[in-house]
Amino acid sequence: MSLPQAFIEKYKKLLKEDYHDFLASFDQPPVAGFRSNPLKEGQMSFEHPIADTNWGYYGKVSGKSIEHVTGLVYSQEPAAQMVGQVAHPKPGMKVLDLAAAPGGKTTHLLSYLNNTGLLVSNEINAKRSHVLAENVERFGARNVIVTNESTERLAKVFPSFFDLIVFDGPCSGEGMFRKDPKAIPYWHEDYPKELASLQKTILSDALAMLAPGGQLVYSTCTWSPEENEEVATWLLEHKELALVPIQASHGMTNSHLLPGTVRMYPHLFKGEGQFIAKFKDLREPVKTSKISLKKVPKKTSLTKEQDNLWQAFCQKHLAVTLQGQYQTFGDHLYLLPEGLPNLSGLRITRNGLHLGTFKKKRFEPSFALGMALKPSEVIQYIEMDIEQFERYVAGHQIPLKTTYPNGWYQVVIKGNGLGFAKVVGDQLKNAYPKGLRFYS
Ligand SMILES: C[S@@+](CC[C@H](N)C(=O)[O-])C[C@H]1O[C@@H](n2cnc3c(N)ncnc32)[C@H](O)[C@@H]1O
């Protein structure tokens, strides 16, 4: 792999005797990994677990596989998995993922939250925020808002709000050179400094949103000290924060530039490049009720007729009560996590869980709802075999082998939901979203 000379010289100085192994690692193939999704009911066993992780495995999963399509797995290289592992939110926490697309850290955080608390997953780039929302939908979490905002505007809506903030933001991306060599030409000697300055601006916004006593995880996929340790040191010098030391295990390296933070190098850790620092806010924690936030306005609740239609749907189809705030936008019904402030004015890509649409005298469930529910949480579902799955994801309707009464059913494959679809006569109509369809 051809690397910029200035890059080579820089790491020769920094890594000293390790430098040759470091350089040689660029001629090795990148390490692929994935995480299994604990929110899904139909679990599978996978080989080659990543040591000391709850859900991590080495290996590649096809984007056309049942595991991927049902959201049972999320592809993420092993070093990046250590960020969520270090963040490790507790159930019930209010969490912010500040630069979240395509969703590696977000889905990992959601695994820990297990549909409790709330996650605001933000991505500044509109196109990428849609990819993020699609990945969140497949993952099937019920407690996420996806926003498409600048961190500055976000900070105005969520002052001192979050118990945990993860900032895995724009960086010089050196640790991704092996996986994505297209990133190499963007690199120049001053690039890390430019990114460090942007990171400091974003981190200042992040801290305005951190609740007193909360935690902040700052990570990059680069090795440049100008970002990483120098930004972390700047935080310690300018903000009321203390480092929470991270245990370096299984090939992680304790940073000698700032002990307590960790680095991952591909010649020592089986994965790509990463830096992680964790901080604790030193201010006295304040009870959430004392923080003044504008609550979600009442006018968004359901009309009597909508409520009746939704209740009738729940009675017929759901074996679970969905906790949260119900909100309508036009004919669409959403479930938002409890405890959110008024989000009006923010660009929102995913307004919580889209439950479905009110049509004339009926309620139609959304694809997202059918991804978020476990088969044990619905009253009626149809389990497909592999051949039916291949036809279904290609957009075909499925001739049924047994007779079912007409109506909505969750579509299930290998124990996990793939949206809802309607039985009409002896056919299962295709409701798989057009944008997701593919031929195996
Ligand atoms: C390394 S990627 C994030 C990867 C993501 N955390 C994951 O695990 O899937 C960095 C993200 O920062 C976003 N970004 C770029 N400039 C930004 C800015 N000024 N403020 C906030 N986010 C920014 C990029 O669009 C990109 O999606």
Side-chain angles (χ1 to χ4, degrees), residues 32-35 37 55-56 73-89 95-112 119-139 141 144 146-158 164-177 179-180 182-183 186-187 191-192 194-209 216-224 227-228 231 264 271-277 346-347 349-350:
F34 63 92
R35 288 180 289 102
N37 177 354
W55 306 292
V73 300
Y74 186 96
S75 292
Q76 187 184 36
E77 66 85 16
Q81 293 191 24
M82 298 304 124
V83 179
Q85 178 101 356
V86 165
H88 197 139
V95 184
L96 170 65
D97 186 357
L98 201 44
K105 314 302 176 300
T106 275
T107 50
H108 203 172
L109 297 167
L110 289 168
S111 299
Y112 285 106
L119 177 72
V120 175
S121 182
N122 181 61
E123 169 54 47
I124 196 166
N125 177 300
K127 224 172 164 180
R128 286 174 65 82
S129 82
H130 285 284
V131 174
L132 170 65
E134 201 175 276
N135 285 334
V136 164
E137 176 174 270
R138 192 181 313 109
F139 210 71
V144 204
V146 176
T147 55
N148 167 219
E149 273 304 345
S150 69
T151 53
E152 193 185 356
R153 277 169 49 92
L154 212 57
K156 294 202 171 98
V157 175
F158 293 104
L164 170 68
I165 297 179
V166 173
F167 174 52
D168 176 56
C171 72
S172 56
E174 297 163 355
M176 287 294 115
F177 283 177
K179 193 176 159 199
D180 183 15
K182 288 198 295 295
Y186 290 96
W187 192 93
Y191 198 34
E194 291 168 16
L195 269 308
S197 160
L198 175 61
Q199 289 165 12
K200 286 179 190 171
T201 307
I202 298 173
L203 280 163
S204 297
D205 292 333
L207 289 174
M209 292 185 263
L216 168 74
V217 172
Y218 159 61
S219 64
T220 70
C221 56
T222 204
W223 299 293
S224 84
E227 297 164 76
N228 303 344
V231 170
M264 273 147 274
E272 304 310 296
Q274 196 80 42
F275 168 84
I276 317 175
L346 285 185
R347 280 190 301 265
T349 310
R350 175 187 161 100

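The model shown is predicted, which means the values in this text are computed figures rather than measured ones. All ligand and atom numbering here is 1-based and tracks the order in the structure.
Taking OH of Y218 as the reference point, atom CD1 of I165 lies at 15.0 Å (rounded to 0.5 Å). With values rounded to the nearest 0.5 angstrom, D205 atom CG is found 7.5 Å from L98 atom CG. For the atom pair OH of Y74 and CG of N135, the computed distance is 4.5 Å after rounding to the nearest 0.5 Å.
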>> If you apply the rule side-chain hydrogen bond (donor to acceptor under 3.5 Å, both in side chains), what do you find for D97 with S121, and how did you get there?
In response: CA-CA 5 Å; D97 186 357; S121 182; 4.6 Å; no
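Using modelled atom types, one side-chain atom of Q81 and one backbone atom of Q76 make a donor-acceptor pair closer than 3.5 Å. Formation of a donor-acceptor pair under 3.5 Å by the R347 side chain with backbone atoms of I124 is not found in this model. E227 places no side-chain N or O within 3.5 Å of a backbone atom of L195 that could act as its donor or acceptor partner. Of the possible donor and acceptor atoms, none in the side chain of R350 sits under 3.5 Å from a partner among the backbone N and O of A133.
Between E123 and ligand 1, at least one N/O pair is under 3.5 Å apart. Of the polar atoms of G103, at least one N or O is found under 3.5 Å from an N or O of ligand 1, judged by distance alone. Looking at T151 next to ligand 1, no N or O pair under 3.5 Å apart turns up. Considering backbone and side-chain N/O of L98, none are found under 3.5 Å from N/O of ligand 1. Considering backbone and side-chain atoms together, N125 places no N or O closer than 3.5 Å to any N or O of ligand 1.
In summary, the atoms of ligand 1 found under 4.0 Å from a heavy atom of L198, numbered by their order in the structure, are 19 (N). With ligand atoms numbered from 1 in the order given, ligand 1 contributes 7 (C), 8 (O), 9 (O) to contacts under 4.0 Å with heavy atoms of G104. Contact atoms of ligand 1 toward K105: 6 (N), 7 (C), 8 (O) (distance under 4.0 Å to a heavy atom of the residue). Those atoms of ligand 1 that come under 4.0 Å of a heavy atom in R128, given as number and element, are 25 (O), 26 (C), 27 (O).
Residue, atom and distance of the protein heavy atom nearest to atom 6 (N) of ligand 1 are D168 OD2, 2.7 Å. In this structure, the protein non-hydrogen atom closest to atom 16 (N) of ligand 1 is P170 CG, 3.6 Å. Nearest protein heavy-atom neighbour of atom 18 (C) of ligand 1: I202 CD1, 3.5 Å. Taking atom 22 (N) of ligand 1 as the reference point, the nearest protein heavy-atom neighbour is I124 CG2, 3.6 Å. With respect to atom 5 (C) of ligand 1, the closest heavy atom belonging to the protein is A101 O, 3.2 Å.
Neither the backbone nor the side chain of S150 comes within contact range of ligand 1; no heavy atom lies under 4.0 Å.
Counting only heavy atoms from C-beta outward, the side chains of S224 and F275 never approach each other to under 4.5 Å.
The local environment of CD in E194 is crowded, with over 12 non-hydrogen atoms from other residues, nucleotides or ligands closer than 6.0 Å.
Comparing A80, G169, S219 by heavy-atom distance to atom 10 (C) of ligand 1, the nearest is G169.
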